[in-house]
There are 2 protein chains.
Amino acid sequence: MTINKPKEPRERILEAAVALFAQRGYAAVGVREIGKQAEVNIAMISYYFESKVGILKAILEDFFDRYSLIFADIKDLDISSDDCIRLIIRRIVEFVRGETNLALVGYNELPLDVPEIAQLKAKKVTEIISQLGWLMGRFNLDPVKDGWKMGIIGPSLISMVVMNFRLRPVMQRVFQLTFDDAYYEKLVETLSTLFLDGVHGIAAQNEADSGEADG
Amino acid sequence: MTINKPKEPRERILEAAVALFAQRGYAAVGVREIGKQAEVNIAMISYYFESKVGILKAILEDFFDRYSLIFADIKDLDISSDDCIRLIIRRIVEFVRGETNLALVGYNELPLDVPEIAQLKAKKVTEIISQLGWLMGRFNLDPVKDGWKMGIIGPSLISMVVMNFRLRPVMQRVFQLTFDDAYYEKLVETLSTLFLDGVHGIAAQNEADSGEADG
DNA sequence: ATAAAAATTAAACAAACGTTTGTCAAGCAT
DNA sequence: ATGCTTGACAAACGTTTGTTTAATTTTTAT
């Protein structure tokens, strides 16, 4: 559970904070606990991040910047709209899988009112939404006239993926699942089908699969 | 902003707590602030709820019980699978619209580790998931063999709806929207189409609409 | 009218909070 | 050797936290 010591204090603080914030939320975690888990004196938190909220700022900036990278080169790729969606979903899943705690903190703290980071959030969210505008055009949607639809569909996409990780501790008690490469491959496939063709698409795929297996 | 006084103290405490928890999160709100907003002495919180976490327990129980009602009579209705989904989405939207703060607290606190309510959460989530089993059968899904799909699709449904309300404060700066009856009608329609037929369904509907308007 | 019960209050509690302080040791140029 | 900077530390700062106590008012029942 303890962090690898050799790393620099600043990085150890970030890692510890991300893990703790993801588990219990920003407000529920004290600087002493962060310092303890990072094997660092509490004073170093003020030294490197000015304040506790400074840690959250650094974490959210990291989250948004890396999340933005998902869409960065999408426009330049010469692929179909469907493959475009599939690629985005694959990248989101890979991102959230690789940095689960970071993504959970970003997602969980996003709607909470923390005055010191309100501006940061608004700026970053606007950036990401504007990136989605181009994608909409490929699905007969006018970014201006149908903007409200983008406000529904876009957030739905990210929430669909993250929800899977958010509920993992609870879900693990209900279903017996091993979260290995094979599972994530199926997750990407299922979410892509669901987002592209809905539950009807899922049902059709299921029929095709069972028909293949039976015949 | 102040709560109507005539109500009973217990209810005033709940209302104030739900509003504050929704805005800033359970851990970030103190009992003194709850007491102040509820116009109640702090000691009344211990008196009526034993402790601060007792308030959260009461809130989550209320949330889950009312959320369960959404699916309660679904089995008895003689409607198509699609209409079934549409009805569920309509009810979820209506529920979250009518009790936005309650839903936000339930959704936001669900993945956070608060030992005192871990058991409550596990129990209620299991209840709701089991209710979804029946619905899956109507879409060629085997609740046993395809259980993991239910673990993906089910949570996606609720998260799609709630995400819309979670991001409202941030979204309102980006799009100029009035959240009136007409908007929610479109929200139900869009989410239903998205969940049933994906973005392809949305695109098809858009083409049909514009064709109707042009012709 | 009166006693018991319930509801409400102000005040105080120890514990935990985020932050600041002053100090010390090591590294480095002068 | 000297003075200066930087990284790290323990200790203490004043608040705020959730909770409890004991006293007081209000309600209920007899």
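Atom set for the values below is all heavy atoms of this structure, side chains included, hydrogens, waters and symmetry mates excluded. So you know, we letter chains A, B, ... as the sequences are listed, proteins then strands, and number each from 1.
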When you match A/Val40 and A/Arg32 each to their closest nucleotide on DNA chain D, which lands nearer the 5' end? A/Val40
Rounded to whole angstrom units, what separation is found between the CD atom of A/Glu33 and the P atom of C/dC17? 8 Å
Provide, to the nearest angstrom, the distance between the CD atom belonging to B/Glu39 and the C1' atom belonging to C/dT8. 15 Å
What's the CZ-P distance between A/Arg12 and D/dA8, to the nearest Å? 8 Å
Are A/Arg66 and A/Phe95 in a cation-pi setup, meaning NZ or CZ lies under 6.0 angstrom from the ring centre and within 45 degrees of the ring axis? no
Assign A/Val29 to base, sugar-phosphate, or nothing according to its heavy-atom contacts below 4.0 angstrom with the strands shown. sugar-phosphate
Would you classify B/Tyr48 as touching base, sugar-phosphate or nothing, given that sugar-phosphate means primed atoms plus P, OP1 and OP2, and contacts are heavy atoms under 4.0 Å? sugar-phosphate
Closest to the B/Ala43 side chain, choosing from D/dC9, D/dT19, C/dT9: C/dT9
Does NZ or CZ of A/Lys52 fall inside the cone over A/Tyr26's six-membered ring, less than 6.0 Å from its centre and within 45° of the axis? yes
May I have the list of side-chain donor-acceptor pairs in residues 131-139 of chain A shorter than 3.5 Å, sequence neighbours left out?
from     : atom 1 : to      : atom 2 : distance (Å)
A/Arg138 : NE     : A/Ser81 : OG     : 3.2
A/Arg138 : NH1    : A/Ile79 : O      : 3.3
A/Arg138 : NH2    : A/Ile79 : O      : 2.8

Measure from the side-chain heavy atoms of B/Asn41 and tell me the nearest of D/dA8, C/dA10, D/dT19. C/dA10
So if I take every side-chain heavy atom of B/Met44 and compare against C/dT8, C/dT19, D/dC9, which nucleotide ends up nearest? C/dT8
Mind running side-chain contact (heavy atoms from CB on, under 4.5 Å) on A/Glu99 and A/Leu104 for me, showing each step along the way? CA-CA 9 Å; A/Glu99 298 283 358; A/Leu104 287 180; over 6 Å; no
Rounded to the nearest angstrom, tell me the gap between atom CD1 in B/Ile34 and atom C1' in D/dG18. 11 Å
Rounded off to whole Å, could you give me the CG-to-C1' distance for the A/Leu20 and C/dG18 pair? 16 Å
Could you tell me the separation between the NZ atom of B/Lys52 and the P atom of D/dT19, rounded to a whole number of Å? 8 Å
To the nearest Å, give me how far apart CD1 (A/Ile45) and C1' (D/dC9) are. 14 Å
Between D/dA8, C/dA10, D/dG18, which one does the side chain of B/Val31 approach most closely? D/dG18
Could you tell me if A/Arg166 sits above the aromatic ring of B/Tyr107, with its cationic atom closer than 6.0 Å to the ring centre and no more than 45 degrees from the axis? yes
B/Ser46, nearest nucleotide to its side chain (from C/dT21, D/dT20, C/dT19): D/dT20
Are any of B/Tyr47's side-chain N or O atoms less than 4.0 Å away from OP1 or OP2 of C/dA6? no
A/Ile42 CD1 to C/dA16 P: how many Å, rounded? 13 Å
